Trainee: 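Next up is a structure, given as structure tokens.
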Amino acid sequence: LYEIEGEDDRREAEEAAQEIFAALDASAIEWIALETTDDFAARLERADGRWWLREPLDFPADAVAVDAMAGALADLAREQAIEAGQPLSVYGLDDGAQRVEFGTANGSYALRIGDKAPLGSNTYVARGADDAVFTVPTWRINALSEELLDLRDRRVLAFDQAAVRRIEARWPDGEVVIEKGDQGWQLVAPIRAPADEGRIDGLLADLSYLRSDGFVDDALDDAEAGLAPPDYEVILGLEGDDAEAPPEPVRFALGRTRSDGQRLARGSHATFYALGAERIDEFPRTVVEYRDRRLSAFVASEADRMELVFAVEPDEAGGDQGARRIRAVATRDDTSWSADPPWAEGMGSDLVTTLSSLEAVDVVAEEVG
């Protein structure tokens, strides 16, 4: 007999009894040490609210990958307990087993990972120096098998897009300075003009989501790195809580393509980030690309009347004394456009759709002359 109210508690107690490390919370894990699949002894530590790789080098860690490790260790539950009697080597849990050590403020733990079980998608594991053997679902421990590269934070830049108030972008034959004010983004150099809000937001998004293909930790000078001068450079000015002491600007510099086909970049960390050679195509490299080139902007479905006025030049025979202006008016009902005389089918909807978001490809003059 059971009390209805006790079902949830009993289920939680049964699940807790199956946990390899009972009552362990992933957020309480402060460090993890393990050997990567490419044979590096790695140590990861939580500090200042984020994960850091401390060995074999000091570098920001990939938070998603390390959180997955911590979650796998805290939530690891056994499928089966193996009865004692066989030597640990049968399960791959002798001295050659993969070993993962980790700790909280209250103590340290260890997990040994052995061979895959012959039946089912399970793997043999054991706790620290304990001889008790368990099977766990293999997918639950996949997060503990990573290369060193996958444990490093591949973000080239770390910044809050909403905090950016100034952008300086430079390339070999040009530069722009853009600032954000009450009227939105505005070019302030080399000309003063409204900026393309979509282009600016896209540039910041590209920089924010830029991920490296690898790292070059060797000490290189700018010439060796292809950064003398950079092929593209951005400096982001940020707004902070203290107006008198704003945050340090975020700097990004992309080098020229090297003989190995890579581009090296400087970002948030002192090391060089390796990027694919095509990455330069993601960044605008002409002043006009940063400008607002919209000729019209409205919701096409809200337009219900359209008037076209255009000129007909005098014919060659001189029958007309001058250019004539022709006016055509079309209106829209619930389903279609109509005009007198009638227009070609679909012309009204095509015209209004084109006009609703018409954008120039270039600016040829600042004013009509």
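What you are looking at is a predicted structure, and each value in this text was computed from that prediction instead of being measured.
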Trainee: Glu197 and Ile200: side-chain contact (heavy atoms from CB on, under 4.5 Å), yes or no, with the steps?
Mentor: CA-CA 5 Å; Glu197 300 273 347; Ile200 302 306; 5.9 Å; no

Trainee: What heavy-atom pair brings Ala105 and Glu30 nearest, and what distance separates the two atoms?
Mentor: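 Taking every non-hydrogen atom into account, CB-OE2, 3.6 Å.
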
Trainee: Do Asp362 side-chain atoms and Val288 backbone N/O form a donor-acceptor pair below 3.5 Å?
Mentor: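 The answer is no, because no donor-acceptor pair under 3.5 Å joins these two groups.
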
Trainee: Would you call Arg251 and Arg266 a side-chain contact if the rule is heavy atoms closer than 4.5 Å?
Mentor: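 SC-SC contact between Arg251 and Arg266 ruled out.
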
Trainee: Looking at every non-hydrogen atom in both residues, tell me the closest pair between Ala97 and Gly92 and how far apart they are.
Mentor: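 Between these two residues, the closest heavy atoms are CB-O, 3.2 Å.
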
Trainee: Under a single-linkage definition using a 4.5 Å side-chain heavy-atom cutoff for Ile, Leu, Val, Met, Phe, Trp and Tyr, are Leu358 and Met347 assigned to the same hydrophobic cluster?
Mentor: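 Yes, one cluster joins them.
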
Trainee: Tell me whether Val156 is reachable from Ile235 by hopping between hydrophobic residues (I, L, V, M, F, W, Y) whose side-chain heavy atoms are closer than 4.5 Å.
Mentor: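 No, because Ile235 and Val156 fall into different hydrophobic clusters, even though each may have its own neighbours under 4.5 Å.
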
Trainee: Can you tell me if CG on Asp95 sees more than 12 non-hydrogen neighbours from other groups inside 6.0 Å?
Mentor: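 Incorrect, the count does not exceed 12.
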
Trainee: Look at the side chain of Arg43 and the backbone N and O of Glu55, then say whether any donor-acceptor pair between them is shorter than 3.5 Å.
Mentor: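 Side chain of Arg43 to backbone of Glu55, a donor-acceptor pair under 3.5 Å: no, none is there.
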
Trainee: Restricting to non-hydrogen atoms, name the atom on Ala330 and the atom on Trp337 that form the minimum distance, rounded to 0.1 Å.
Mentor: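 Looking at all heavy atoms of both residues, the closest pair is O-CZ3, 3.6 Å.
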
Trainee: Compare all side-chain heavy atoms of Leu227 with those of Leu220 and state whether any distance is below 4.5 angstrom.
Mentor: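 Answer no - side chains too far apart.
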
Trainee: Checking the side chain of Arg332 only, and the main-chain atoms of Ala303 only, is there a donor and an acceptor separated by less than 3.5 Å?
Mentor: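 Confirmed, Arg332 side chain pairs with Ala303 backbone.
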
Trainee: Hey, what do you get for CD (Glu345) to CG (Asp350), rounding to the nearest 0.5 Å?
Mentor: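 Between atom CD of Glu345 and atom CG of Asp350 there are 10.0 Å.
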
Trainee: Within this structure, what is the OH-OG1 distance for the pair Tyr91 and Thr123, rounded to the nearest 0.5 Å?
Mentor: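 If we round to the nearest 0.5 Å, Tyr91:OH and Thr123:OG1 are 14.5 Å apart.
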
Trainee: If two hydrophobic side chains count as joined below 4.5 Å and joins carry through other members, does Val309 share a cluster with Leu355?
Mentor: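 No, because Val309 and Leu355 fall into different hydrophobic clusters, even though each may have its own neighbours under 4.5 Å.
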
Trainee: Considering all heavy atoms of both residues, which atom of Tyr232 and which atom of Ala169 are nearest to each other, and what is their separation?
Mentor: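 Residues Tyr232 and Ala169, closest heavy atoms: OH-CB, 3.7 Å.
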
Trainee: Report yes if some heavy atom in the side chain of Thr271 is under 4.5 Å from a heavy atom in the side chain of Arg152; otherwise report no.
Mentor: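 A side-chain contact exists here, since the closest heavy-atom pair is under 4.5 Å.
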
Trainee: Would you mind writing out the side-chain donor-acceptor pairs for residues 171-179 within the sub-3.5 Å range, not counting sequence neighbours?
Mentor:
from   : atom 1 : to     : atom 2 : distance (Å)
Trp171 : NE1    : Asp173 : OD1    : 3.1
Trp171 : NE1    : Arg285 : O      : 2.7
Glu175 : OE1    : Arg170 : NE     : 3.3
Glu179 : OE2    : Arg166 : NH1    : 2.4

Trainee: Output yes when a side-chain donor or acceptor of Asp292 lies under 3.5 Å from a complementary backbone atom of Arg294, and no otherwise.
Mentor: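 Yes, because the side chain of Asp292 sits within donor-acceptor range (under 3.5 Å) of the backbone of Arg294.
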
Trainee: Does the side chain of Leu151 come within less than 4.5 Å of Trp51's, by heavy atoms?
Mentor: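 SC-SC contact between Trp51 and Leu151 ruled out.
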
Trainee: Quick check for you: to the nearest 0.5 Å, what is the distance between Leu111 atom CG and Leu76 atom CG?
Mentor: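 These two atoms lie 6.0 Å from each other.
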
Trainee: Is the backbone N or O of Tyr290 less than 3.5 Å from a side-chain atom of Arg293, with the two atoms forming a donor-acceptor pair by type?
Mentor: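 Here the side-chain-to-backbone pair does not exist.
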
Trainee: Taking Leu254 as the starting point, is it possible to reach Ile167 by hopping between hydrophobic residues whose side chains are less than 4.5 Å apart?
Mentor: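 Yes, same cluster.
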
Trainee: Give a yes or no on whether the backbone of Gln80 and the side-chain of Thr135 come within a donor-acceptor separation of less than 3.5 Å.
Mentor: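 Checked: pair present.
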
Trainee: Salt bridge or not between Glu366 and Arg291? Use side-chain N to carboxylate O under 4.0 Å.
Mentor: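 Looking at Arg291 together with Glu366, the answer is yes, because their closest N to O distance falls below 4.0 Å.
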
Trainee: Considering only heavy atoms from C-beta outward, does the side chain of Phe21 approach that of Thr104 to under 4.5 Å?
Mentor: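 The answer is no, as the side chains (C-beta and beyond) never meet within the 4.5 Å cut-off.
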
Trainee: Sub-3.5 Å donor-acceptor pair from the side chain of Thr37 to the main-chain atoms of Ser145, do we have one?
Mentor: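 No, Thr37 side chain to Ser145 backbone: no donor-acceptor pair under 3.5 Å.
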
Trainee: Return the CD to CG distance between Gln161 and Leu203, rounded to the nearest 0.5 Å.
Mentor: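 Those atoms lie 9.5 Å apart.
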
Trainee: Do Pro137 and Asn122 touch side chain to side chain, with heavy atoms closer than 4.5 Å?
Mentor: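 In contact.
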
Trainee: Hey, does Val234 have a side-chain heavy atom less than 4.5 Å from the side chain of Leu157?
Mentor: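 Counting from C-beta outward, Leu157 and Val234 never come under 4.5 Å.
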
Trainee: Apply side-chain contact (heavy atoms from CB on, under 4.5 Å) to Val329 and Arg305, showing your working.
Mentor: CA-CA 7 Å; Val329 177; Arg305 184 177 185 278; 3.7 Å; yes

Trainee: Would Ser338 and Thr331 count as a side-chain contact (heavy atoms from CB on, under 4.5 Å) here? Give the steps.
Mentor: CA-CA 6 Å; Ser338 59; Thr331 58; 3.7 Å; yes

Trainee: Do any N or O atoms from the side chain of Ser208 and from the backbone of Leu204 form a donor-acceptor pair under 3.5 angstrom?
Mentor: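 Checking the backbone N and O of Leu204 against the side chain of Ser208, no donor-acceptor pair under 3.5 Å is found.
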
Trainee: Nearest 0.5 Å, please: how far is CZ in Phe252 from CD in Glu233?
Mentor: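 It comes to 10.0 Å.
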
Trainee: For Leu149, what residues pass the side-chain contact (heavy atoms from CB on, under 4.5 Å) criterion, not counting sequence neighbours?
Mentor: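 Partners of Leu149 under the side-chain contact (heavy atoms from CB on, under 4.5 Å) test: Arg154, Phe215.
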
Trainee: So, Arg127 side chain and Ile20 main chain: donor-acceptor pair closer than 3.5 Å or not?
Mentor: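 Present.
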
Trainee: Leu275 and Asp213: which non-hydrogen atoms are nearest, and at how many Å?
Mentor: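 Closest pair (atom of Leu275, atom of Asp213, distance): C-OD2, 3.6 Å.
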
Trainee: As a quick check of understanding, evaluate side-chain contact (heavy atoms from CB on, under 4.5 Å) for Met69 and Glu146, giving each step before the final call.
Mentor: CA-CA 10 Å; Met69 286 184 171; Glu146 298 281 7; 3.9 Å; yes

Trainee: Is Gln98 reaching over with its side chain to a backbone N or O of Leu144, donor-acceptor style, under 3.5 angstrom?
Mentor: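 Looks like yes, one N/O pair under 3.5 Å.
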
Trainee: Using the side chain to side chain contact (heavy atoms under 4.5 Å, CB included) definition, which of the options Val133, Leu88, Val100, Val125 pairs with Arg112?
Mentor: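 Exactly one pass, corresponding to Leu88.
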
Trainee: So that I can tick it off, tell me whether Asp62 and Arg211 are bridged by a salt bridge, with the cut-off set at under 4.0 angstrom between side-chain N and carboxylate O.
Mentor: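 Here Arg211 does not pair with Asp62 in a salt bridge, since their nearest N and O are not under 4.0 Å apart.
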
Trainee: Quick one: does Tyr109's side chain get under 4.5 Å of Ile29's, heavy atoms only?
Mentor: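 No. Closest side-chain heavy atoms not under 4.5 Å.
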
Trainee: For Phe102 versus Ala110, what's the shortest heavy-atom pair and its separation?
Mentor: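 Looking at all heavy atoms of both residues, the closest pair is CE2-N, 4.3 Å.
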
Trainee: Regarding Arg327 and Glu307, does a basic nitrogen lie under 4.0 Å from an acidic carboxylate oxygen?
Mentor: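 Looking at Glu307 together with Arg327, the answer is yes, because their closest N to O distance falls below 4.0 Å.
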
Trainee: Linking I/L/V/M/F/W/Y whenever their side-chain heavy atoms sit closer than 4.5 Å, directly or via other members, would Leu93 and Val90 fall into one cluster?
Mentor: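 Linked within one cluster.
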
Trainee: Hey, could you give me the CE/CH2 distance between Met306 and Trp343, rounded to the nearest 0.5 Å?
Mentor: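 One gets 4.0 Å once the value is rounded to the nearest 0.5 Å.
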
